[in-house]
Amino acid sequence: MQDLEERQGELSEAYYSIRATVDYASAGGANKVFLITSSQPSEGKSTTAIAMARDFAQIGRRVLLIDADLRKPSLHTVMGLPRTHGLMDILLGGAKLSKTVHPADIAGLDLLPLGQIPPNPVQVLSSSLISDFLERARSKYDVILLDSAPVMGLADAPMLSRMVDYVLLIVEANRAHYGQAKSAVRRLQDAGANILGIVMTKFSFRHAGYTYDYHYSYYSYRNRKTPEDAGA
């Protein structure tokens, strides 16, 4: 149990570092819109988006996390939200944002699930509906995070990348093929995306040639006092 708690603490610290780096690289400030995507499914993009949204809210930012995966939404499942209403009701039905978002358990964080899956996602993305909505939402939030579909095989993420300020590409360290990740970057660049950086998830010290003992000792070292420190 102690090992598990320490590893969870290390994961939280890693996401905190990612949020801080993203904040610095994007020059801080308010009214920023980020797109979180990955080269392929199940690389950790939704987990990263949720963790970043929480961390931004915890430092006092007003945050909106949007499920912008128009084909396979997951925010409602992960966060236990109803799927009956969401982003699509705002875009197609004229629903008000204030009546559609769900306050999270952290002050300052609002969640916006997708709602019903549109019959033609590309048609929605090709219109000005999402970009117009984001412009209206900017005045209400300091940070807006969009959790989108993966890049490869779909037009969604490259099209969304033109509507946001920055793009973060999530790559699973021990699964993603180098050529595929490179192709994902190229597709985003060809669409004119402003790629802020790449986040590597699920890194395995064992696969990298380190033992778990080294991993444990490395992260625990900073919290332990040596005999010299104790006597200082």
Trainee: Quick one: do Tyr16 and Val63 end up in the same hydrophobic cluster if we chain Ile, Leu, Val, Met, Phe, Trp and Tyr together by side-chain heavy atoms under 4.5 Å apart?
Mentor: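 Hydrophobic grouping puts Tyr16 apart from Val63.
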Trainee: What's the separation between atom CG in Leu97 and atom CG in Leu87, rounded to the nearest 0.5 Å?
Mentor: 9.5 Å
Trainee: Rounded at 0.5 Å granularity, tell me how far OG1 in Thr21 sits from CG in Leu196.
Mentor: 9.5 Å
Trainee: State plainly whether one hydrophobic cluster holds both Leu154 and Met159, where clusters connect Ile, Leu, Val, Met, Phe, Trp and Tyr through side-chain heavy atoms under 4.5 angstrom apart.
Mentor: no
Trainee: Would you mind reporting whether Leu75 and Leu114 have side-chain heavy atoms less than 4.5 Å apart?
Mentor: no
Trainee: Once you round to the nearest 0.5 Å, how far does OG1 of Thr201 lie from CD1 of Ile170?
Mentor: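 Between Thr201 OG1 and Ile170 CD1, I get 7.0 Å after rounding to 0.5 Å.
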Trainee: Looking only at atom types and distance, does a side-chain atom of Asp156 sit under 3.5 Å from a main-chain N or O of Leu70, one as donor and one as acceptor?
Mentor: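 Not a single qualifying donor-acceptor pair exists.
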Trainee: Work out which heavy atom in Arg19 is nearest to a heavy atom in Met52; give both atom names and the distance.
Mentor: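 Taking Arg19 first and Met52 second, the nearest heavy atoms are CG-O, 4.0 Å.
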Trainee: Determine yes or no for a side-chain-to-main-chain donor-acceptor pair under 3.5 angstrom, with Arg162 supplying the side chain and Gly192 the backbone.
Mentor: no
Trainee: Using a strict cut-off of less than 4.0 Å between a Lys/Arg side-chain nitrogen and an Asp/Glu carboxylate oxygen, indicate whether Asp147 and Lys45 qualify as a salt bridge.
Mentor: yes
Trainee: Taking 4.0 angstrom as the limit, do Asp89 and Lys96 come out as a salt bridge?
Mentor: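 Salt bridge flag = no for Lys96 with Asp89.
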Trainee: Locate the shortest heavy-atom distance separating Ala95 from Thr100; write the atom from each residue and the value.
Mentor: CB-OG1, 3.8 Å
Trainee: Between Val199 and Val171, is the side chain to side chain contact (heavy atoms under 4.5 Å, CB included) condition met? List the steps.
Mentor: CA-CA 6 Å; Val199 177; Val171 176; over 6 Å; no
Trainee: Pro118 and Val124: which non-hydrogen atoms are nearest, and at how many Å?
Mentor: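 Shortest heavy-atom separation between Pro118 and Val124 comes out as CB-CG2, 4.1 Å.
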Trainee: Is the closest side-chain heavy-atom distance between Phe133 and Ile90 below 4.5 Å?
Mentor: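 Yes; the side chains approach each other to less than 4.5 Å.
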Trainee: Nearest 0.5 angstrom please: Leu145 CG to Ile36 CD1, how far?
Mentor: 5.5 Å
Trainee: Within a reach of under 6.0 Å around NE2 of His85, are more than 12 heavy atoms found that belong to other residues, nucleotides or ligands?
Mentor: no
Trainee: Contact between Asp110 and Leu65 at the side-chain level, heavy atoms closer than 4.5 Å - yes or no?
Mentor: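 A side-chain contact is absent here, since even the closest heavy-atom pair is not under 4.5 Å.
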Trainee: Would you sort out whether Ile144 and Lys32 count as a side chain to side chain contact (heavy atoms under 4.5 Å, CB included), showing the intermediate values?
Mentor: CA-CA 6 Å; Ile144 300 175; Lys32 298 293 178 62; over 6 Å; no
Trainee: Please examine the side chains of Pro82 and His76, heavy atoms only from C-beta on, and report whether any two atoms are closer than 4.5 Å.
Mentor: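 The answer is no, as the side chains (C-beta and beyond) never meet within the 4.5 Å cut-off.
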Trainee: Taking NZ, NE, NH1 and NH2 as the nitrogens, is one of them in Asp142 or Arg62 under 4.0 Å from a carboxylate oxygen of the other?
Mentor: yes
Trainee: Would a distance-only check, ignoring hydrogens and angles, find a side-chain to backbone donor-acceptor pair under 3.5 Å from Asp165 to Val33?
Mentor: yes
Trainee: So does Pro158 get a backbone contact from the side chain of Ser161, meaning a donor-acceptor N/O pair under 3.5 Å?
Mentor: yes
Trainee: Looking at Arg54 and Asp105, is there a salt bridge between them, counting it only when a charged N and a carboxylate O are closer than 4.0 Å?
Mentor: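 Salt bridge flag = yes for Arg54 with Asp105.
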Trainee: Working to the nearest 0.5 Å, report the span between NZ of Lys140 and OG of Ser98.
Mentor: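 It comes to 7.5 Å.
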Trainee: Over all heavy atoms of both residues, which pair between Gly86 and Leu112 is shortest? Give the atoms and the distance, please.
Mentor: C-CD1, 4.0 Å
Trainee: Tell me, do Phe34 and Val164 make a side-chain contact under 4.5 Å, heavy atoms counted?
Mentor: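 Phe34 does not reach Val164 side chain to side chain.
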Trainee: Which heavy-atom pair separates Asn31 from Tyr141 by the least distance, and what is that distance?
Mentor: ND2-O, 3.2 Å
Trainee: So, Ser39 versus Glu43: side-chain donor-acceptor pair below 3.5 Å or not?
Mentor: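 Judged by distance alone, the side chains do pair up.
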Trainee: Hey, does the side chain of Thr37 reach the backbone of Ala149 with a donor-acceptor pair shorter than 3.5 angstrom?
Mentor: yes
Trainee: Is any side-chain heavy atom of Pro73 closer than 4.5 Å to one of Arg83?
Mentor: yes
Trainee: For the residue pair Ile106 and Ala57, what are the closest heavy atoms and their distance?
Mentor: CG2-CB, 3.8 Å
Trainee: Output yes when Asp23 and Arg61 qualify as a salt bridge under the 4.0 Å nitrogen-oxygen rule, no when they do not.
Mentor: yes
Trainee: Checking side chain to side chain contact (heavy atoms under 4.5 Å, CB included) for the pair Val185/Lys182: CA distance, chi angles, key distance, verdict?
Mentor: CA-CA 5 Å; Val185 171; Lys182 192 174 181 179; 5.8 Å; no
Trainee: Is the shortest heavy-atom distance from the side chain of Val122 to the side chain of Asn120 under 4.5 Å?
Mentor: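 Yes; the side chains approach each other to less than 4.5 Å.
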Trainee: Rounded to the nearest 0.5 Å, what separates atom CE in Met163 from atom CG in Asp132?
Mentor: 9.5 Å
Trainee: So which of Leu64, Leu134, Asp67, Val167 actually passes side chain to side chain contact (heavy atoms under 4.5 Å, CB included) with Leu146?
Mentor: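 Of all the options given, the one that passes is Leu134.
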Trainee: Mind checking whether Tyr166 and Leu35 have side chains closer than 4.5 Å, heavy atoms only?
Mentor: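 SC-SC contact between Tyr166 and Leu35 ruled out.
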